[in-house]
Amino acid sequence: MKNSLKRITVLIFAVFFSNIVFAEKILFSASRMSGKTGEKNTTTSLSGNVYIKTDSMEIQADDVELSGDDYRYIKADGKITGKNFDSNMEFECDSLEFDRITKVAVLKGNVNLDDKDNNVNVKAQIINYNQETEIAIIQIKIVLTQKDNVCSASYAVYYKKDQMLELSGNAQVKQGEDTFRAQEITFNMDTQDITLGGNVKGTVTDKKSKSSKTDAASNTESDNSKQDKDKSKVESGQSSDANAGEKLKDAEKSHGE
């Protein structure tokens with residue numbers, strides 16, 4: 001009991017001291033807590049429905065470890081969901097590490113990141129995000145979607161402020177029915193301009209030609225319909241002429257009698 005009270009007191013003191021150094025509050029809740037203190041390092045472990053909130057980030061996870069001088073590092077594991085208030089991003093992943101001084105977060109394992117400001121969604125295995133520069137380094141099994149664009153690669157750099165995306169390693173961008181492939185692709189997500197470099201390939205749909213083919217097919221159907229109508233008129237006229245001829249013969253025969 002005394003050890004538990006001591007750990008709680010240490011944590012409260014550390015959080016209070018952290019507020020003085022960083023001017024940032026750390027709020028938390030969990031089912032269980034344990035910790036240890038040292039001259040240079042203090043570690044606190046939280047487990048079971050853990051909730052952590054700082055001025056810039058909110059995290060929910062199965063387990064969280066706070067460590068380093070003044071709880072500089074936050075490490076989370078298991079069914080992680082969270083929000084970055086400064087960048088207006090939401091995320092899911094299997095593990096997370098966050099440095100409260102450098103403002104760098106490393107998300108690993110089945111990462112799903114939503115940039116709410118720009119309607120950009122990123123799925124990957126590793127995302128290293130710098131909150132200060134708003135640059136994300138994305139790795140492994142990347143799929144990034146924006147509007148009707150679907151981008152994939154092995155490695156990518158996403159510049160949130162400039163809305164630029166750099167792709168490399170089996171890089172591909174799909175825009176609707178069009179597909180572009182290259183060793184390296186730079187994509188301006190504002191203007192939708194694409195720059196390709198190295199072993200460039202692609203397929204582009206000629207929308208104008210497609211429209212012309214549709215119009216031609218429509219005109220052909222219209223011409224066929226017109227021809228059918230003209231044919232019907234001719235047949236009708238021929239039938240009328242035949243009936244008139246028979247009537248004329250009958251009239252002549254009657255007159256002769």
Side-chain angles (χ1 to χ4, degrees), residues 22 24 26 52-61 64-65 68 72-175 179-198:
F22 296 107
E24 181 180 54
I26 302 178
I52 298 284
K53 183 178 181 182
T54 69
D55 287 349
S56 61
M57 188 175 290
E58 177 182 80
I59 301 169
Q60 292 176 289
V64 172
E65 180 182 272
R72 172 178 175 175
Y73 304 107
I74 298 175
K75 182 178 179 181
D77 291 292
K79 296 180 181 179
I80 300 167
T81 60
K83 297 178 182 178
N84 187 308
F85 303 120
D86 291 347
S87 300
N88 195 21
M89 287 183 168
E90 296 182 2
F91 57 84
E92 298 176 0
C93 58
D94 295 336
S95 68
L96 174 145
E97 295 179 7
F98 180 59
D99 187 328
R100 294 199 303 125
I101 293 180
T102 63
K103 301 295 183 184
V104 173
V106 180
L107 291 70
K108 295 182 179 180
N110 302 310
V111 183
N112 185 18
L113 179 69
D114 279 317
D115 179 357
K116 296 298 184 180
D117 289 333
N118 301 290
N119 293 320
V120 173
N121 175 263
V122 185
K123 290 180 173 63
Q125 291 304 306
I126 302 173
I127 296 180
N128 186 312
Y129 182 71
N130 189 315
Q131 185 176 306
E132 298 293 335
T133 62
E134 293 193 309
I135 296 175
I137 298 174
I138 311 165
Q139 301 177 66
I140 307 172
K141 296 182 180 179
I142 301 166
V143 178
L144 183 148
T145 57
Q146 181 242 16
K147 297 181 180 179
D148 64 342
N149 303 300
V150 180
C151 310
S152 59
S154 299
Y155 183 89
V157 182
Y158 173 52
Y159 302 87
K160 176 180 166 67
K161 289 181 181 178
D162 299 327
Q163 278 301 280
M164 294 290 295
L165 178 66
E166 296 175 353
L167 301 164
S168 60
N170 297 319
Q172 176 178 282
V173 175
K174 288 186 177 181
Q175 289 185 316
T179 302
F180 305 92
R181 297 184 182 89
Q183 291 180 352
E184 297 179 352
I185 298 177
T186 301
F187 179 34
N188 187 319
M189 303 171 80
D190 279 335
T191 64
Q192 302 293 292
D193 291 337
I194 297 176
T195 303
L196 308 175

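Note that the coordinates shown come from a computational prediction; the quantities given were computed from them, not determined experimentally.
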Quick one: does [X]'s side chain get under 4.5 Å of [Y]'s, heavy atoms only?
| X | Y | answer |
| --- | --- | --- |
| Thr145 | Val120 | no |
| Ile126 | Val111 | no |
| Tyr73 | Glu97 | no |
| Met89 | Asp114 | no |
| Cys151 | Leu167 | yes |
| Gln175 | Phe180 | yes |
| Gln192 | Asn149 | yes |

Where Ser95 and Ile80 come nearest, the two heavy atoms and their spacing: CA-CD1, 3.4 Å
Under the salt bridge (charged side-chain N to carboxylate O under 4.0 Å, His left out) rule, collect the residues that match up with Asp115, sequence neighbours excluded. Lys160
Asp99: which residues meet the salt bridge (charged side-chain N to carboxylate O under 4.0 Å, His left out) condition with it, sequence neighbours left out? Arg72
Just by distance, no angles: are the side chains of [X] and [Y] close enough, under 3.5 Å, to form a donor-acceptor pair?
| X | Y | result |
| --- | --- | --- |
| Ser87 | Tyr129 | yes |
| Glu58 | Asn84 | no |
| Tyr158 | Gln163 | yes |

Let me confirm one number: the OG1-CG distance from Thr102 to Asn130, rounded to the nearest 0.5 Å. 7.0 Å
Distance (rounded to the nearest 0.5 Å) between Ile26 CD1 and Ile74 CD1: 5.5 Å
